There are 2 protein chains.
Amino acid sequence: MQPRGIHHLGVAVDDLDAAVATYERLFGALVEHRDRVPAQGVEAASLRVGEGRVELLASLGEETPVGKFLAKRGPGMHHVAFEVSDLRSSLAELEREGAELIDPEPREGLFGLQVAFVHPDSAHGVLAELVSDAR
Amino acid sequence: MQPRGIHHLGVAVDDLDAAVATYERLFGALVEHRDRVPAQGVEAASLRVGEGRVELLASLGEETPVGKFLAKRGPGMHHVAFEVSDLRSSLAELEREGAELIDPEPREGLFGLQVAFVHPDSAHGVLAELVSDAR
């Protein structure tokens, strides 16, 4: 697999409005998308920081994945997303290499992205997401 | 401040050789630098992942910053570095905005970079690094 690069850094936050304001103020971030996605248990904002991107994730409840993460670890970096051109073939390649896939098939992620997550046990503690961004 | 983008994602690992091999195998990473820096208590590898960059950090001892991080949190994402064109003026701007700076002045980081860290309390739990990359 040859990812194009880092699509975004996912960050779990307690207070989305406050976090967006902080990233705008300190790091010149610009909000490109913001959405509440009950099916995934998050309210999220996608920010551009120069050519980079940070996705801020607030939980919609303690039993959601992000809610559990926040309860266990507190706010902070949650995942890194690598952009790939062909998500399905990248997943097949990871499977051949023995990586543990949380999503063996592409699924719809936030903001219209096609995504799949790789288990942190396969990447030295890092929750990695593969993203196909056809937007 | 208007960063150019994400310079790299810093990841703390237990075993640098194994982690480099995993990133090469799963994510097509290419090693661009590797160095042992006793003054900073780390052995580190800078990897290109497409146009992105991941910095893997192994500790040279339990009392080093990365060693303490690993003891407390285990392997995983450690910091995110934003690239700026003028590090000194970016730090002055952050200071005016009330951010808590770990390094109020630029200092030499890994691989010849000029760097300064911002305390995670100022960025919702994220340890942020500003990097000026004149390489």
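Letters go in sequence order (proteins before strands), and every chain restarts at 1. Predicted, not measured: the structure shown is a model, and the values here were computed from it. Quick note: numbers below take in every heavy atom, side chains included, and nothing from hydrogens, waters or symmetry partners.
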Name the region of A:P3, side chain, backbone, both or neither, that has any atom closer than 4.5 Å to a heavy atom of chain B.
both

Look at the side-chain heavy atoms of Ile, Leu, Val, Met, Phe, Trp and Tyr, link any pair under 4.5 Å apart, and say whether A:L101 and A:L130 land in one connected group.
yes

Side chain from CB out, backbone as N, CA, C, O: work out which of these in A:A29 comes under 4.5 Å of a heavy atom of chain B, or both, or neither.
neither

Co-membership, hydrophobic cluster, residues B:V37 and B:V66, 4.5 Å side-chain:
yes

Within 6.0 Å of CD in A:E24, more than 12 heavy atoms from elsewhere
yes

Under a 4.5 Å heavy-atom cutoff, which of A:P120, A:A12, A:S122, A:A19 has the most pairs with chain B?
A:A19

Counting distance only, does the side-chain N/O of A:R25 pair as donor-acceptor with the main-chain N or O of B:E97 below 3.5 Å?
yes

A:F82, part contacting chain B, at a heavy-atom distance under 4.5 Å:
side chain

Interchain contact, A:R73 with chain B, by part (heavy-atom threshold 4.5 Å)
both

I'd like to know whether CZ of B:R36 has more than 12 heavy-atom contacts from other residues, nucleotides or ligands below 6.0 angstrom.
no

Does the side chain of A:L26 come within less than 4.5 Å of B:L94's, by heavy atoms?
yes

Looking at B:E83, B:H78, B:Q2, which one has more heavy-atom pairs under 4.5 Å with chain A than the rest?
B:Q2

Between B:L30, B:V84, B:T22, who has the most heavy-atom pairs with chain A when the cutoff is under 4.5 Å?
B:T22

Taking side chain to side chain contact (heavy atoms under 4.5 Å, CB included) as the criterion, tell me which of B:L127, B:V11, B:L9 meets it with A:M77.
B:L9

To the closest 0.5 Å, what do you measure between OH (B:Y23) and NE2 (A:H124)?
7.5 Å

